[in-house]
Amino acid sequence: MQILVADDDPVVADVVRRYLERDGMHVMVVGSGRQALDELERNRVDLAILDVMMPDGDGIDVCRRIRSGVHADLPVIMLTALGEAEDRVLGLESGADDYVAKPFSPRELSLRVQSVLRRASAATAESTAGQLSDGGVSVDLAAREVLVAGHPVSTTKREFDLLTFFLGHVDTVFSRDELLERVWGWRFGDLSTVTVHVKRLRAKLGGASRIETVWGRGYRWSCRADGDA
C-alpha cells in the first residue's frame, strides 16, 4: 500500500512514516498542499493523510480538490489540532473519511489507516452486480454510481457506503454508534463523523433524500415519500 503523508512538521511526518512503514506500507512524505497534489499526479496512492494547516494549500483545500478530480475515491484522513472542532467539521465536509486530532497516538493513527483501507477494499470487493433504488434515488452497485431523478450525483466512498446501507435497511433505525460500526467498521471514533456524513449525503440527494432523524435514537431511511430531509 502506498500512503501519502502531507504535513509541514518534519517531526510529526517522520513519526507517522516510521509507524506506517513498520506496518509494511510504503510512505511518501511532503510538506505542502501543492506538493501533495503533485505527488498524486505522479504516483499511485492508496490513501492520503493531510494536515489541516499547511503552506501552499491547506489540507481542507487539498481534500476538496481530490474529491472534485480524478482521485475522487481516494481515502483521506485529516490531521487536525486538538480542540479545533471547526477544522474537524470542515475536514469531514470537504470529503475526508476520518480525522485524527493532534497530539495523537501514532498507533491509533496506524489503526485508523488500516481500518479505512480495509473498508475501501471491502467496498471494492462487494457485489459487482445489481441495483438498489427507492423513490428518485437509484444506485448501480457495479459502477458505484448514484442517480437522482436520472441524473448522476458524485459521492465519496463513505457516502456511497452509507447510502447503500440505508437503502438495504429501509425503515430501520440505526444509532450513530451502530452506523459507525456497520458502515465505517470502527468500534471507536468521534460520532460527529456520522453526523457530518449524513448531512453531506442529504445535501447531495436534495429532495430525493428520505433520511430521517429519529430524535434520541438515530437515523433511518424512510420508505414514505414525505420522509424528513
Side-chain angles (χ1 to χ4, degrees), residues 1-40 43 45-67 71 74-121 156-158 175-177 179-181 183-200:
M1 288 290 178
Q2 299 232 73
I3 310 297
L4 173 64
V5 176
D7 195 312
D8 62 331
D9 185 330
V11 175
V12 172
D14 186 60
V15 169
V16 172
R17 177 187 59 77
R18 286 189 288 109
Y19 264 80
L20 294 180
E21 287 181 344
R22 191 179 68 179
D23 289 338
M25 300 178 189
H26 177 70
V27 181
M28 297 172 286
V29 175
V30 298
S32 74
R34 180 67 264 169
Q35 291 174 335
L37 292 171
D38 287 344
E39 284 297 328
L40 285 171
N43 297 288
V45 175
D46 297 298
L47 181 144
I49 299 172
L50 309 174
D51 186 30
V52 168
M53 299 301 295
M54 290 189 294
D56 198 15
D58 62 29
I60 291 172
D61 179 58
V62 172
C63 188
R64 285 175 176 154
R65 295 183 65 176
I66 288 173
R67 292 293 176 245
H71 304 289
L74 178 71
V76 173
I77 295 177
M78 200 76 71
L79 300 181
T80 70
L82 181 64
E84 296 296 331
E86 183 178 351
D87 283 347
R88 295 198 293 272
V89 172
L90 283 174
L92 292 170
E93 289 184 338
S94 70
D97 295 276
D98 191 17
Y99 74 86
V100 176
K102 294 180 177 180
F104 57 84
S105 159
R107 190 56 189 159
E108 178 190 352
L109 176 60
S110 179
L111 291 172
R112 294 287 186 98
V113 167
Q114 293 176 43
S115 177
V116 171
L117 287 172
R118 278 197 306 270
R119 185 60 193 174
S121 177
T156 66
K157 280 183 178 291
R158 196 69 72 193
S175 68
R176 291 189 300 169
D177 290 285
L179 289 171
L180 195 67
E181 181 173 350
V183 177
W184 275 256
W186 304 339
R187 294 181 181 274
F188 59 90
D190 191 329
L191 296 180
S192 65
T193 299
V194 177
T195 305
V196 172
H197 278 78
V198 168
K199 176 183 176 183
R200 240 175 33 212

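We're numbering straight along the sequence, starting at 1.
- Between R158 and D98 no salt bridge is recorded (no basic side-chain N to carboxylate O distance below 4.0 Å).
- The residue from V100, V16, D46, I49 that alone fulfils the side-chain contact (heavy atoms from CB on, under 4.5 Å) condition with V113 is I49.
- Inter-residue side-chain proximity for R176 and T195 is flagged as met; some heavy-atom pair is nearer than 4.5 Å.
- Taking OG1 of T193 as the reference point, atom CG of L191 lies at 8.0 Å (rounded to 0.5 Å).
- Between L109 and Y19 the shortest side-chain heavy-atom distance does not fall below 4.5 Å.
- For the pair S110 and L20, the minimum side-chain heavy-atom distance is below 4.5 Å.
- When side chains are defined from C-beta on, R22 counts as touching R107, because their heavy atoms get closer than 4.5 Å.
- V116 approaches P75 most closely through the heavy-atom pair CG1-CB, 3.5 Å.
- Between the side chains of Q2 and N43, no donor-acceptor pair of N or O atoms lies under 3.5 Å.
- Ion pairing of D61 with R64 is absent here, as no side-chain N (NZ or NE/NH1/NH2) approaches a carboxylate O to less than 4.0 Å.
- More than 12 non-hydrogen atoms from other residues, nucleotides or ligands lie less than 6.0 angstrom from CZ of R34.
- Considering every non-hydrogen atom in both D51 and L79, the closest pair reads OD1-O, 3.3 Å.
- A salt bridge links R67 with D97: the closest approach of a Lys/Arg side-chain nitrogen to an acidic carboxylate oxygen falls below 4.0 angstrom.
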- Please step through side-chain contact (heavy atoms from CB on, under 4.5 Å) for the pair M28 and V45, ending with a clear verdict. CA-CA 9 Å; M28 297 172 286; V45 175; 3.6 Å; yes
- Task: Give the intermediate values and the outcome of side chain to side chain donor-acceptor pair (under 3.5 Å) for residues R112 and S115.
- Result: CA-CA 5 Å; R112 294 287 186 98; S115 177; over 6 Å; no
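- Heavy atoms only, all atoms of each residue included: L4 and A36 are closest at CD2-O, 3.6 Å.
- D23 places no side-chain N or O within donor-acceptor distance of the main-chain N or O of M25, the cut-off being under 3.5 Å.
- Here the closest non-hydrogen pair linking M78 and S94 is CE-OG, 4.0 Å.
- Atom CG of L111 and atom OG of S105 lie 7.5 Å apart (nearest 0.5 Å).
- Of all the heavy atoms in L74 and A48, the pair that sits closest is CD2-CB, 3.9 Å.
- Here NZ of K102 is found 5.5 Å from CG of D9. Values are rounded to the nearest 0.5 Å.
- Between the CG atom of D56 and the CG atom of D8 there is a distance of 11.0 Å, given to the nearest 0.5 Å.
- Here CE of M53 is found 9.0 Å from CD1 of I60. Values are rounded to the nearest 0.5 Å.
- The side-chain heavy atoms of D14 and R17, taken from C-beta on, include a pair separated by under 4.5 Å.
- Residues G95 and C63 approach most closely at C-SG, 3.7 Å, considering heavy atoms.
- When side chains are defined from C-beta on, S192 counts as touching Y99, because their heavy atoms get closer than 4.5 Å.
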